[in-house]
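Input: a single structure, listed below in structure tokens.
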Protein chains: 2
Amino acid sequence: MKNENKYPIKAVAQKTGLSVHVIRAWEKRYNAVVPNRTETNRRLYSESDIEKLQILLKLTDQGHNIGGIANLSIDELRDLVEDRQEPRMENYKVQREVRQPTDPDKYFTSCLKSVYALDLKELESTLYKASVSFSQPVLLDRIIIPLITHIGDLWKEGEIRVYHEHMVTASLRGFLSNLIDTSKNSESAPKILATTPQGQLHELGALIVSAVASSEGWNVTYLGPNLPAEEIVGAAEQLNCKAIAISIVYPLDDYMLRKELIKFKQILPDNISLLVGGKGARGYLDVLEEIGARVILDIANFKKSLSAIRENKYN
Amino acid sequence: MKNENKYPIKAVAQKTGLSVHVIRAWEKRYNAVVPNRTETNRRLYSESDIEKLQILLKLTDQGHNIGGIANLSIDELRDLVEDRQEPRMENYKVQREVRQPTDPDKYFTSCLKSVYALDLKELESTLYKASVSFSQPVLLDRIIIPLITHIGDLWKEGEIRVYHEHMVTASLRGFLSNLIDTSKNSESAPKILATTPQGQLHELGALIVSAVASSEGWNVTYLGPNLPAEEIVGAAEQLNCKAIAISIVYPLDDYMLRKELIKFKQILPDNISLLVGGKGARGYLDVLEEIGARVILDIANFKKSLSAIRENKYN
DNA sequence: TTTTACTTGACAAATACTCGACAAGAAGTT
DNA sequence: AACTTCTTGTCGAGTATTTGTCAAGTAAAA
């Protein structure tokens, strides 16, 4: 058994939500928890000390007076805790069973309709429903990505107005950032940074990339669109990222963007991979080759590159 | 296996957010991290050195005293780190709502720290906790709005880099769009559209506006930044909005923006109110008067205008 | 030369410790 | 209902320890 007296009083206070005053008072008055001390008389608590304090807090919230329960053992305390009602599994089950196997395409067209109608509520609730019915890959591949590319096409052809595109972006951004959920993947997962280079205001591509990378177990930081090369690299370095993913949508050939991309050659460290995707990437193949970037043509391709980088075949 | 000792102390300071003084002090006093040296006695840190320092910093924020943890191994340290993701709701809600340092300022400074460290996870989890502990107005007035204005100031003074500002934007956007939650307010609630005019890429102001309006019971459609006047009005008309809120941050006087604003005079229907806010709005008072816009100076002001419009005293 | 990094020693602010006191509320008594 | 008494969270004063910061002098780099 390890000697686990590792927590100073401040950490205990933060973990339990008690104030340091109260922790000391409980010790002095009732010997609720008597921690070991360092040579210089500082308190050092063990994990079970903390657990006991947590239970005591819960019990006092439930009406017990601290003086009466403080000197009980952990086991005795546990018996006192009223267990709250069980999680409501039934609800979930019912949903699952009732749900009929539907076609992703139906959701897709339904989303599209909402976009035309500028009906945000409808769009979001459809997306939400879809996210319950389908796995994340299906959701991405069959609904969200088609939706985005379709919107992109319509926009280029002038079939829809700018505000349509903005609305979809805003809406999907919210939806996808839920999907990404930074806290999901562990600290130790490899990190990737997603953004678009300066001048590129269309961020949906970068959002897709973020969602895919997240579902592949990466730790994604999404920085929004329109960042200069130095900033992208600076952020990637500070975050210790293994890779940078940038998305280029439009236009197909832009002198400024070309200049912006070339900057990467100078400032990108060896141990960071650069992935470039999006419809617009084709227009810059020569520059991309020169700066040593990987060009991503589709999602499958992107996933492959991710796992290659992860296994250090590259970098 | 390359044992890469390639980071000089300055780089380490930038990556970790610690000062060079502190890094050296930790080495001298506790041998926290003992880097290799060049032939001329300069420190050269490895990646794992940096990682250890980052973990140490996080742990000190979590209440550990540096002297007590500095000589632990990386693995031992990792075990100590709180991976606070699964708040078992029962514990959390009951405890946190009642107890905890109920000081919004603490959350504010804690958020600011996370921004400096580029620690998205930490930032979002702090915001989440704050949203549990405080009412929405307090959350907005005491934490989020100060955070945004502070970031804005730092940015203007060149104290932080562009990617800091982007990170906060991306993160807050996700967070606020949850807060706004389009489906919350009823169909019959008055509608408002929030955005920024063409050329204005800073969207945080518009996001605040959205959050406030939503908490006042409006039905908010957030269209993201950088929309031409025709598009804004077009969208407002199609959505049957009672009001349009646009945010101007910077620069204080821009010819293009002036032109953009004047367009509203031509195309804005009588039954739609135009509200203009943000630090940058002061620079355009003359134009704004001409186009019949309401200038919003602060949040209280904004709320008043909203209820006035709602009651049809105006429009 | 000017800037940056290194070491050492010193200082001051922050933090933790003990003890004692106070006040609001709960519980018991008249 | 009014009055004790008890419980318990909070605070302050005084002391000790911990820790971030800085200055001075030297060495290396630009």
Side-chain angles (χ1 to χ4, degrees), chain A residues 5-45 49-50 53-72, chain B residues 5-45 49-50 53-54 56-72 95 97-103 105-106 109-110 113 116-117:
Chain A
N5 297 319
K6 347 183 212 188
Y7 295 91
I9 195 166
K10 193 178 180 188
V12 177
Q14 286 192 19
K15 265 178 96 90
T16 59
L18 293 162
S19 78
V20 289
H21 286 297
V22 171
I23 298 175
R24 283 196 284 251
W26 287 4
E27 178 186 342
K28 186 161 93 172
R29 293 174 176 149
Y30 327 105
N31 292 316
V33 165
V34 183
N36 289 43
R37 302 287 185 122
T38 69
E39 298 127 10
T40 57
N41 204 30
R42 299 294 154 107
R43 284 172 237 268
L44 276 187
Y45 294 82
D49 288 337
I50 293 174
L53 286 173
Q54 283 170 331
I55 300 179
L56 285 175
L57 174 60
K58 193 185 265 186
L59 285 172
T60 52
D61 275 344
Q62 284 176 11
H64 292 86
N65 52 340
I66 181 64
I69 57 173
N71 45 11
L72 298 180
Chain B
N5 300 317
K6 39 183 183 177
Y7 297 94
I9 194 166
K10 197 175 177 187
V12 177
Q14 281 192 354
K15 287 186 86 135
T16 58
L18 294 163
S19 77
V20 289
H21 286 298
V22 171
I23 297 174
R24 284 196 283 252
W26 286 5
E27 178 186 343
K28 184 164 84 170
R29 292 177 176 146
Y30 326 106
N31 294 315
V33 164
V34 184
N36 288 39
R37 302 286 184 123
T38 68
E39 298 133 6
T40 59
N41 204 31
R42 298 296 156 103
R43 291 174 172 80
L44 277 186
Y45 294 82
D49 288 337
I50 293 174
L53 287 173
Q54 284 170 331
L56 285 175
L57 176 60
K58 199 173 251 183
L59 284 172
T60 51
D61 274 342
Q62 285 176 16
H64 290 270
N65 50 339
I66 182 64
I69 55 174
N71 45 10
L72 298 179
Q95 288 184 21
E97 267 174 26
V98 182
R99 251 156 256 277
Q100 265 302 300
T102 21
D103 186 4
D105 296 343
K106 287 231 171 105
T109 50
S110 160
K113 255 193 202 168
Y116 275 111

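What you are looking at is a predicted structure, and each value in this text was computed from that prediction instead of being measured. Throughout, protein chains are lettered first and strands after them, A, B, ... in sequence-line order, and every chain is numbered starting at 1.
- With rounding to the nearest 0.5 Å, the separation of NZ in A/K15 from CD in B/Q62 is 8.0 Å.
- Nearest heavy-atom pair across B/G63 and A/Q14 is N-NE2, 3.9 Å.
- Along DNA chain C, the nucleotide nearest to A/L44 and the one nearest to A/K28 differ in position, and the one closer to the 5' end is contacted by A/L44.
- Per the geometry, CD1 belonging to A/I23 stands 15 Å off C1' belonging to D/dT8, to the nearest Å.
- Taking atom CG of B/D61 as the reference point, atom P of D/dT19 lies 14 Å away to the nearest angstrom.
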Checklist entry - Does the side chain to side chain contact (heavy atoms under 4.5 Å, CB included) test come out yes or no for A/Y7 and A/D49, once each step is laid out? => result CA-CA 9 Å; A/Y7 295 91; A/D49 288 337; over 6 Å; no
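- Here the closest heavy-atom approach between residue B/N71 and residue B/G68 is recorded as OD1-O, 4.3 Å.
- When DNA chain C is scanned in the 5' to 3' direction for atoms under 4.0 Å from non-hydrogen atoms of chain A, the outermost contacting nucleotides are C/dT15 to C/dA21.
- When each of A/N36, A/T40, A/N41 is tested with A/T38 by the rule side chain to side chain donor-acceptor pair (under 3.5 Å), just one qualifies, namely A/T40.
- Within the model, atoms NZ of A/K58 and OG1 of A/T60 stand 11.5 Å from one another, a figure rounded to the nearest 0.5 Å.
- Remark: A/S19 is in phosphate contact with D/dT10, judged by side-chain N or O atoms under 4.0 Å from OP1 or OP2.
- Looking at B/L18 and B/L57, their side chains come closer than 4.5 Å, going by heavy atoms from C-beta outward.
- DNA chain C is contacted by both B/R43 and B/G63; B/R43 maps to the nucleotide lying nearer its 5′ end (nearest heavy atom per residue).
- Nearest-nucleotide mapping onto DNA chain D: of B/N41 and A/Y30, the residue sitting toward the 5' end is A/Y30.
- Rounded to whole Å, the distance from NZ on B/K10 to C1' on D/dA30 is 13 Å.
- Computed from coordinates, the A/I69 CD1 to D/dT8 P distance equals 9 Å when rounded to whole Å.
- Residues A/R43 and A/R24 come closest through the heavy atom pair NH2-CD, 2.9 Å.
- Residue B/P8 comes nearest to B/L44 through the heavy atom pair N-CD2, 4.1 Å, listed as atom of the first residue, atom of the second, then distance.
- Across the protein-nucleic acid pair, B/E39 atom CD and D/dA27 atom P stand 18 Å apart, rounded to whole Å.
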Can you check nucleotides 11-16 of chain D for protein contacts, nitrogen or oxygen pairs under 3.5 Å, and list what you find?
none

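- Rounded to a whole Å, the CZ atom of B/R37 is 13 Å from the C1' atom of D/dA28.
- Mapping A/G67 and A/T38 onto DNA chain D by nearest heavy atom places A/G67 at the nucleotide closer to the 5' end.
- Put simply, CH2 on B/W26 is 10 Å from C1' on D/dG20, counting in whole angstrom units.
- For B/R29 against D/dG20, a side-chain N or O and a base N or O form a donor-acceptor pair under 3.5 Å.
- What separates CD1 of B/I9 from C1' of D/dA28 is a distance of 15 Å, to the nearest Å.
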